[in-house]
Each structure stands twice: as structure tokens, then as C-alpha cells.
Amino acid sequence: MAAALVETRTYYVGTNTWLSTTVDSIGKIKVPATMTREDIVPKPTTMPAQLEGLCDDAWSWEEQELEPDFAQLEIGGIKNRSVMFHPTWSRGTVAVRATKPLDKDGVHYWEIRISERLFGTSMMFGIGSAKTRLNLYDFINVLGENEHSWGLNHRGVLWHKGVDRPFTEPFAENTTTTVGLLYRRGTLTYYRDGKCLGEAFKGLENYDGDLFPMIASTAAKTEMVLGAAKREYDSLRDRCRAVISACVGDAEDCEKLKLPSRLIKYIKESHPE
């Protein structure tokens with residue numbers, strides 16, 4: 001019997017870290033003995049204790065086409081959770097939107113892990129609509145430049161409708177930081193390294209249109225990685241799906257189970273690759 005073909009694949013797992021693994025012809029990832037699956041999968045490290053009842057939310061960063069001479073964005077990692085802004089040099093501002101909108105009447109929590117390169121005109125974390133500009137040849141606080149977005153920059157300043165207001169202390173340079181955002185039925189609250197910074201915005205449920213988690217940066221070679229992404233259960237059926245998904249060790253194993261196709265799709269989306 002012929003031996004299974006083996007190839008090496010390399011995965012970008014964030015914070016300038018690459019993981020090489022061997023993959024046999026069956027497609028099973030062989031995680032090195034020195035690492036566990038948890039080492040390469042983003043996991044909540046600073047999520048507030050009162051939010052532990054939320055379930056995983058399946059979304060990533062939306063890829064976009066930039067002008068050829070404005071190639072200032074690399075999206076990758078596990079399920080497109082990692083964003084490298086301006087990998088060579090910066091000519092302006094780039095914003096990235098989540099692939100799925102928020103339930104404006106629900107509860108969502110997500111974490112952005114930021115590399116230690118905290119500098120430049122503006123690095124931002126917030127919420128915006130499809131009308132929010134994604135790239136421009138200017139160095140500005142793009143999240144909050146108008147009525148279509150809300151944002152906090154690394155200098156500790158909030159922005160909305162082009163108006164700024166102080167909110168917290170500036171983020172420390174040369175230090176990795178985790179920013180948590182809690183959307184709860186129209187309000188947006190920020191956390192930094194697990195500490196609540198307070199409610200920043202309210203009334204977002206009244207916005208006419210979908211709203212998405214967003215990040216932005218003007219600084220060269222800065223990286224942000226989506227860590228925890230959680231949401232409130234929207235029904236008993238939703239809770240049951242999450243329980244079944246949690247019982248499946250590997251997303252590929254669900255093909256062996258006699259489950260409805262829509263449930264299999266849900267399990268695959270909610271499991272890390």
C-alpha cells in the first residue's frame with residue numbers, strides 16, 4: 001500500500017508568527033508536538049466574566065480591492081482574522097469591515113489584538129456602515145469622520161460626525177494591547193486588556209442601515225488580529241446548534257454524522273480551520 005502523500009503548509013497565525021504544518025492526503029493538519037490546537041486558534045483572554053454566556057460568532061474581515069499603487073493591506077491568518085495594514089509603507093488611511101453585520105437589537109462582543117507598533121496619526125476600532133470609506137490618500141480618523149461610523153483611536157479619543165472628545169488615556173507604545181468592544185442593544189462600550197473603559201456611544205440602534213465591526217490604521221506595518229468574537233443566542237434553536245457544534249471535535253467529522261446540511265454548514269463556519 002502506497003504511503004500517503006505529505007505536503008507542508010504554512011499558516012499566518014498573527015503577531016508576525018507563521019506556523020508550518022504537515023498535511024497528509026486526507027487533509028488532516030498535523031499540529032507539531034510542541035504546540036496544541038489552542039496555541040494556534042485565537043481564544044478569549046480578556047473577555048469580561050459577565051459575558052461568558054455568549055456563543056461564538058462566525059465572522060472575519062472582508063477582503064477588498066485597492067488601487068494597484070495603493071496596495072496597503074494584507075488579510076490572512078485563520079479564517080481571515082489577521083490584518084496587516086500598510087505592509088511596506090503608508091500613503092494614507094485604510095479601513096476594514098467585518099463580513100457580517102451586527103444584530104442591532106442584540107448583544108455582541110469582540111476583541112482586537114494589536115501588535116506593539118502603536119503609533120502614527122490614527123489606529124482605530126469601532127463600528128461603521130457600508131457608507132464608511134475604506135481607503136483614502138489622506139491621514140485621518142476615518143471611523144467617526146461622519147454620521148456613518150463611530151470609533152476610538154489609539155490616542156484615547158472618540159470620534160463621531162467629525163467631532164472628537166477625550167475618552168481614555170493614550171495607548172502605550174511598544175506594548176501589545178487587546179481592545180474589547182461590547183455592543184449591547186444600541187450602546188458601544190470599550191475595554192482595554194480586560195478593563196472596562198466605559199460606555200462610549202449610544203443610540204446606534206436608530207441608525208438606518210446595517211452596522212459592522214470595523215478597524216482602521218494610517219500607520220505602516222501595523223497588525224490587528226480578531227480574537228474572541230461572541231454574540232447573544234437569538235433563540236432556543238440557536239442555543240441547541242451551538243451545543244451540538246461544541247460537541248464536534250473537528251469540523252470535518254460532521255460529514256460523518258447524519259445531520260441536516262444547514263447544521264453542517266453552521267458547524268463548519270463556527271469551527272476554526
To the nearest 0.5 Å, atom CG of Leu143 lies from atom OG1 of Thr93 at 9.5 Å

| message | Would you say that Val225 contacts Ile112 through its side chain, given a criterion of any heavy-atom pair below 4.5 Å between the two side chains? | response | no

Output for pair (Glu199 CD, Leu182 CG), nearest 0.5 Å, gives 9.5 Å

CG of Asp208 to NZ of Lys131, rounded to nearest 0.5 Å, is 7.5 Å

task: Find out whether Val94 and His86 are in side-chain contact, i.e. whether some heavy atom of one side chain is under 4.5 Å from a heavy atom of the other.
output: yes

Legend entry - Heavy-atom donor-acceptor pair, Thr175 side chain to Glu173 backbone, under 3.5 Å: yes

- Query: Hey, is the main chain of Leu158 close enough, under 3.5 Å, to the side chain of Arg165 for a donor-acceptor pair?
  - Reply: no

Discussion item. Is it true that Ser122 and Asn141 share a donor-acceptor pair across their side chains at a distance under 3.5 Å?
Written reply: yes

His108 meets the side chain to side chain donor-acceptor pair (under 3.5 Å) criterion, sequence neighbours left out, with Asp57

Backbone N/O of Ile140 and side chain of Thr121: donor-acceptor pair under 3.5 Å:
no

Margin query: Under the criterion side chain to side chain contact (heavy atoms under 4.5 Å, CB included), I'd like the reasoning laid out for Tyr183 against Trp110: C-alpha separation, chi angles, the key distance, then a yes or no.
Written below: CA-CA 9 Å; Tyr183 176 91; Trp110 63 101; 4.1 Å; yes

Report task. For Met84 and Leu73, run side chain to side chain contact (heavy atoms under 4.5 Å, CB included): C-alpha distance rounded to whole Å, both residues' side-chain angles, the deciding distance at 0.1 Å, then the answer. Result -> CA-CA 6 Å; Met84 176 66 76; Leu73 183 68; over 6 Å; no

Correct closest heavy-atom pair for Val157 and Asp164 would be CG1-CB, 3.6 Å

I want to check something: taking the side chain as every heavy atom from C-beta on, are Leu226 and Trp61 in contact at a cut-off of under 4.5 Å? yes

Within the distance-only criterion (no hydrogens, no angle test), does the side chain of Arg91 pair as donor or acceptor with the backbone N or O of Tyr137 below 3.5 angstrom? no

Between the OG1 atom in Thr177 and the CE atom in Met224, the distance rounded to the nearest 0.5 Å is 10.5 Å

task = Apply side-chain hydrogen bond (donor to acceptor under 3.5 Å, both in side chains) to the pair Tyr207 and Ser129, showing each step before the final yes or no.
result = CA-CA 9 Å; Tyr207 182 81; Ser129 76; 3.0 Å; yes

Those residues at least two apart in sequence (or on a different chain) that pass ring pair (Phe, Tyr, Trp, His ring centres under 6.0 Å) with Phe171 are Phe125

Here the pair of heavy atoms bringing Asp210 nearest to Pro101 is CB-CB, 3.8 Å

Check for me whether Arg192 meets the cation-pi criterion with Phe167, that is, NZ or CZ under 6.0 Å from the six-membered ring centre and within 45 degrees of the ring axis. no

Residue pairs passing the salt bridge (charged side-chain N to carboxylate O under 4.0 Å, His left out) test with at least one member in residues 134-160, sequence neighbours excluded, are Arg133-Glu145

Requested in this report: Look at the aromatic rings of Trp150 and His160 and report parallel, tilted or perpendicular, splitting at 30° and 60°.
Outcome: parallel

Taking the side chain as every heavy atom from C-beta outward, state whether Ile114 and Thr176 have any atom pair closer than 4.5 Å. no

Distance col, row Leu102:CG vs Phe212:CZ, nearest 0.5 angstrom, shows 8.5 Å

Smallest heavy-atom separation, Gly144 atom then Ser149 atom, equals N-OG, 2.6 Å

*asked:* Could you tell me if the side chain of Cys196 sits less than 4.5 Å from the side chain of Thr189, heavy atoms only?
replied: yes

By side chain to side chain donor-acceptor pair (under 3.5 Å), Ser60 pairs with (sequence neighbours left out) none

Pairwise side-chain contact, Val142 with Leu136, heavy-atom cut-off 4.5 Å (strictly under): yes

Value for CZ (Phe201) from CD1 (Ile127), rounded to nearest 0.5 Å, stands at 9.0 Å

TODO: Would you check, one step at a time, whether the test side chain to side chain contact (heavy atoms under 4.5 Å, CB included) holds for Arg185 with Asp105?
DONE: CA-CA 5 Å; Arg185 310 191 210 297; Asp105 293 322; 5.7 Å; no

Please determine if Asp56 and Lys230 form a salt bridge, counting it only when a charged side-chain N lies under 4.0 Å from a carboxylate O. yes

Review point. Within a strict 4.5 Å, meaning less than it, do heavy atoms of the Thr187 and Leu204 side chains meet?
Key: no

Check whether any side-chain heavy atom of Tyr191 lies under 4.5 Å from a side-chain heavy atom of Leu197, and answer yes or no.
-> no

Is a side-chain donor or acceptor of Arg231 paired with a backbone partner of Val107 at a separation under 3.5 angstrom?
-> no

For Phe85 and Ile215, what are the C-alpha separation, side-chain angles and deciding distance, and is it a side chain to side chain contact (heavy atoms under 4.5 Å, CB included)?
-> CA-CA 10 Å; Phe85 290 94; Ile215 50 178; 3.9 Å; yes

Those residues at least two apart in sequence (or on a different chain) that pass side chain to side chain donor-acceptor pair (under 3.5 Å) with Gln64 are Asn135

By side chain to side chain donor-acceptor pair (under 3.5 Å), Glu74 pairs with (sequence neighbours left out) none

Looking just at side-chain N and O atoms, do Thr222 and Ser217 make a donor-acceptor pair shorter than 3.5 Å?
yes

Q. If you measure from the Lys or Arg side-chain nitrogens to the Asp or Glu carboxylate oxygens, is any gap between Glu205 and Lys104 under 4.0 Å?
A. no

key: Salt-bridge criterion met for Lys100 and Glu62 (N-O under 4.0 Å)   = no

Shortest non-hydrogen pair, Trp59 vs Ala98, comes out as CE3-CB, 3.3 Å

Note to self: Main chain of Ala220, side chain of Ser90: is a donor-acceptor contact present, judged purely on distance under 3.5 Å?
What the structure shows: no

